[in-house]
Amino acid sequence: MRDEGGGRARVGITDYAQDALGDVVYVDVPEVGTRVTASQPFSEVESTKSVSDVFSPVTGTLVERNALLDERPELVNDQPYGDGWLAVIEMTDPSELDALMDAAAYRAFVEQAEKH
Amino acid sequence: MTRRTPLEAEHRALGAKLGPFAGWTMPIEYGGTLSEHRAVRERVGLFDLTHLGKVEVTGPGALDLLQRILTNDLSRVQPGRARYNLVLNDAGGVEEDLIVYRLADERWFVVPNAANTDKVVAMLREPGRAEVVHHDDWCFLGVQGPRSLEVVGALFPESADLSFMSCLETRYGGERLVLTRSGYTGELGYELFAHDSLAGALWSALMAAGEPFQIEPCGLGARDVLRLEMGYPLYGQDLLPDRTPLEAGLRWAVAFEKGEFRGREALERQLREGIPSRLRGIVMEDRRHIPRPHYPVFADGSKAGSVTSGSFSPLRQRGIALAYLSPADGFEPGRPVEVDVRGRRGPARIAAPPFVDRSPR
């Protein structure tokens, strides 16, 4: 997730998540205007082997969806932090961002999880 | 404790994701399922299939023993040839599917699914009937794809003489090697069985011979997509102890005329009383709907069955599935149905597999 300023957050899945999922063949991102809730599923990413819910990191309204993924779902694998983004969410409460892990904390979290 | 393949170091060096499969730790994917799928469909792929069983049955009583346990007629299989077979229970349900290779007049090579190997070995070890050797210390490599003859032929020139569903015995590094023309992908392909001590040398030699064709190591993820595109059923998903081969569309693998075999009476009863369901192919109409095992299938608003295998076909660019549907005679190709994809009704049509225009012959 990237803070776009102005109370907007660009949301995707992490490089670790895309690697664990395998080749993505379909991404379901809801229409603009959809209300999303922090820690609730808002999108589905389907790989050759399984389907996974994507949980929204923040609460708010979906104001942009990545239409590129309709034709090129593999962007989620190739550029998880670039063209493989899923949606832009206008946050109800931008202070929610403060509670999220930054990249370093996430890396430590993943490394910890890998050990178990 | 899971079993390890003798090629684990090779897999790790190639960046494989290893995962549990039927009690083994096996490569699931290397470069990605889609890239591996494409390699097999367009060029050639190399699979480590060591988790499958390798069982040799020898002796004058071997044919009789196999004829009573398996469904197909092995008396009609010449030495050097192979045949697909099922093992049934007394209710006619499928306990196992496997290929039997006739290596010589009284010597047979049986390749059970990993999960069923112990069960099959126990069945074959009826006292005094035949000599049964479980080659637990053998590896199994698959070379699949349109360029596979060039790759395997570089090591074994005699492979050029093998027709589809044939086998021969040869030597590699001074050791025995069973070479067959068979596979589970729908492409031209070869399978190699030899002692574990040869695994590393064989793997490296095949990778080297495949380099001009950009051979890719392929995992079980790609294998599952490849076999589903051909509509090949998988034991444990599409073949089940409570479904008969008549329901699975495998009557061609059951030789009623050969005499007694386990499950025969139940199948005859089902033929008289009616077959309750039939395994059908399904192709989704909308690229966004990908069927998965257990998703319900509806016809005319009521439930007709459930998906047993489902995935995305890279060749068709559509979701494809197998499902047992009732009534058995109610779902001819072209008939519209709906698959419940997590609460959304996805339009689909019945299709006769293979889902793709490929052939291993």
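We name chains A, B, ... by the order of the sequence lines, and we start the count at 1 in each one.
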If one checks every heavy atom of A/D19 against chain B at 4.5 Å, the contacting part turns out to be both
Part of A/E74 within contact of chain B (heavy atom distance under 4.5 Å): neither
Heavy-atom count check: over 12 atoms from other residues, nucleotides or ligands less than 6.0 Å from B/D357 CG? no
Give a yes or no on whether B/Q317 atom CD has more than 12 heavy-atom contacts from other residues, nucleotides or ligands under 6.0 Å away. yes
Tell me if a side-chain donor or acceptor on A/T48 pairs with a main-chain N or O of B/S311 at a distance below 3.5 Å. no
Should B/R292 and A/E44 count as an ion pair when the cut-off is N to O under 4.0 Å? no
Please confirm whether the backbone N or O of A/V25 pairs with a side-chain atom of B/R287, one donor and one acceptor, at under 3.5 Å? yes
Atom CZ of B/R358: over 12 foreign heavy atoms under 6.0 Å: yes
Can you establish whether the number of heavy atoms outside B/R288 located under 6.0 Å from its atom CZ is more than 12? no
Heavy-atom count check: over 12 atoms from other residues, nucleotides or ligands less than 6.0 Å from A/F109 CZ? no
Are the charged groups of B/R342 and A/D53 less than 4.0 angstrom apart, N to O? no
